[in-house]
Amino acid sequence: MEEPIGINKFVFSRESLKKKFRLSEFLSEKIITGVAFLSITIIVLIFFFVFKESIPIFQSKKKEIAKVETVQKQEQYGTDSSVATNLSGQEQYGVTGTDSLMTENQILEEDTVVHGSDEATAKSLMGKQWLPVSDNPRYGLIPLFVGTLKITLIAMLFAAPIAILAALFSAAFAPHWLREIIKPAIELLAGFPSVVIGFFALMVMASFFQNLFGYDGRLNAFVGGVAMALAAIPIIYTITEDALTAVPRTYTEASLALGATRWQTALFVTLPAATPGIFAAILLGIGRVFGETMIALMATGNAAMIGINPFESVRTLAATIGAEMAEVVFGDTHYNVLFLIGSLLFIFTFSLNALAEFYVKGKLVKRFQGKQS
Amino acid sequence: MKEIKIKTKNLSLYYGAKMALNSISLDIPEKEVTAFIGPSGCGKSTFLRTLNRMNDLIPNVKITGEVLVDGLNIYDKQIDVVNLRKKVGMVFQKSNPFTKSIYENVAYGPKINGINNRKKLEEIVETSLKNAFIWEEVKDRLHDSAMGLSGGQQQRMCIARALAVEPEIILMDEPASALDPISTAKIEELIFELKKKYTIVIVTHNMQQAARVSDLTAFFYLGELIEFGKTRKIFTTPDKKHTEEYITGRFG
């Protein structure tokens, strides 16, 4: 028998095959796992903190069911308050219409000055007015939701077609050198500070659209929506472009070899093959608009109004937090409601992203395993 | 000798500064199978792709010389590539069905050519699939995804898809290289049938396949056409020593 040569004097025996503890291996594995879990934990903790601050809303509801009625009555009273009438005089009529409540309001008049009785309940959160700092605060989230949805819709109506067509152009039609310029340029726009876009919307776009359409309120959902579209276009563009270029070249070739034009190929082959990616791009764009604060704050006018007119001011959920959090009384109902809005925003964007992720994965897997036509 | 369908005159092709094809002149007769053989990178696939201008898609390609299809130079500025490709169909090395149903795949070509009549489309799909010998296997699942077919079935479906636009010439770029022997045999059988109606040009790595299916064989080496002639002659008594060496397996 010859001795094993070189550094590897490995002898095959029970002893040498025994499991060894390798410290560096162990440590690096644990550290990486730890870091991964840390980032998840931080996100979860943030959510719990935000959610925790909004809990008192739900607790007070149980404690003071009796008071709920009072609150509602107070709400009626509040509509007469100076703050509310200043904001929008017309709307007050509808609310104060019920005479029977009016009389009750008068009885309760003295109580209304007392602070702390302004409880936000599930019912009052569904209210149609957002007047958190009036003498008789109301925390109706409906106008905020309507405002956010309106803005998102307007932004998507602009951003999605433009971004998708731009992506289609650079993926399927643009010459190589042009694509090399366009793609990085638009991607750079994704890092554009939203405050700059907001400023631009506030100073330039608002006046431009006002001259164009001739409406009254300079800042409104339309201006805000278009400005948001500017912020969302780079995101939608980038992801759509990636999805389009990921479509195998063999597809394009197959189509062209059948005598399809470039346009037909792009429309009937490339675009359908990339639908999951495009869908994800749109969802992420919606997520961006939904959570966008600065542009909303600067360009939408921030009046919480409910209506379908796109040229009315709106107030979004995110902008509400941005505008009011700094001035709110710590621990106040208003404070809690703002945190509730934060939780809602978190839940919404989270589910949107999750939907994008799972939809794309599921769809792609199905497609390429041939389970679906 | 049958009529000449495709004729190339001093065709050279450059990828940037690199010459990939060196002055190739070749006559491809109508309704026969012409095979291109040669080692990898010898330019046979490149040459095949010049015949329906698929190389247009690759940037930095420069082509000199002429390719005449039915006497017309397809590199003429007046020629519409889209219509050219309707006449010169192509089947690729890797089967590339669209992620659609079998029916949609085959109907795609006729549809983009403006045929919208449902009945007519169904008819075309059926004939094409029958001509590609796959109708019996898929007739009950026309509306299932084409991705669910086996590799060999996918390739025959791709041939059916190419047939659906009624080309006159079919270019095949190693159509059976990724298939098992049984699927390959089916494809070869199919080629044999198709040559009754179509002019077929096939690139293959498999010399036995060239010997089995083709009437004419061209041997390419390093971008040059070394020898071109009747398959029987090339495989038994080639003129050039190079050809003989390749065919007997001494290199390549």
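Within every chain, numbering begins at 1; the chains are lettered A, B, ... in the order of the sequence lines, protein sequences first and strands thereafter.
A salt bridge links E193(B) with K196(B): the closest approach of a Lys/Arg side-chain nitrogen to an acidic carboxylate oxygen falls below 4.0 angstrom.
Contacts between residues 77-98 of chain B and chain A, defined by a heavy-atom separation under 4.5 Å, are made by V82(B), R85(B), K86(B), V88(B), G89(B), M90(B), F92(B), N96(B), P97(B), F98(B). Residues of residues 161-168 of chain B lying within less than 4.5 angstrom of chain A, judged on heavy atoms, are R161(B), A162(B), V165(B) in numerical order.
The contact between R49(B) and chain A is made entirely by side chain atoms (from C-beta outward), counting heavy-atom distances below 4.5 Å. Within the 4.5 angstrom heavy-atom criterion, no atom of R262(A) approaches chain B. Contacts between L57(B) and chain A at a heavy-atom distance below 4.5 Å involve the side chain alone, from C-beta outward. If you measure heavy-atom distances from S255(A) to chain B, the contacts under 4.5 Å come from both the backbone and the side chain.
Defined by atom type and a distance below 3.5 Å, a donor-acceptor pair is present between the side-chain atoms of T46(B) and Y15(B). Judged purely by distance below 3.5 Å, without hydrogens or angles, the side chains of T50(B) and Y75(B) never pair a donor atom with an acceptor atom. Side-chain N/O atoms of S45(B) and D173(B) include a donor and acceptor closer than 3.5 Å.
The aromatic rings of F173(A) and W263(A) lie tilted to each other, with the angle between the two planes from 30° to 60°. Classification of the F220(B)-F47(B) ring pair by plane angle, with boundaries at 30° and 60°, yields tilted. Using cut-offs of 30° and 60° on the angle between ring planes, the pair F222(A) and F158(A) is perpendicular.
F133(B) does not carry R156(B) over the face of its six-membered ring by the limits of under 6.0 Å from the centre and within 45° of the normal.
In the displayed structure, I308(A) atom CD1 is contacted under 6.0 Å by at most 12 heavy atoms of other residues, nucleotides or ligands.
Under a 3.5 Å cut-off, the side chain of K5(B) and the backbone N or O of I28(B) do not form any donor-acceptor pair.
Exactly one of E122(B), K130(B), E123(B) qualifies for a side chain to side chain contact (heavy atoms under 4.5 Å, CB included) with E126(B). That residue is K130(B).
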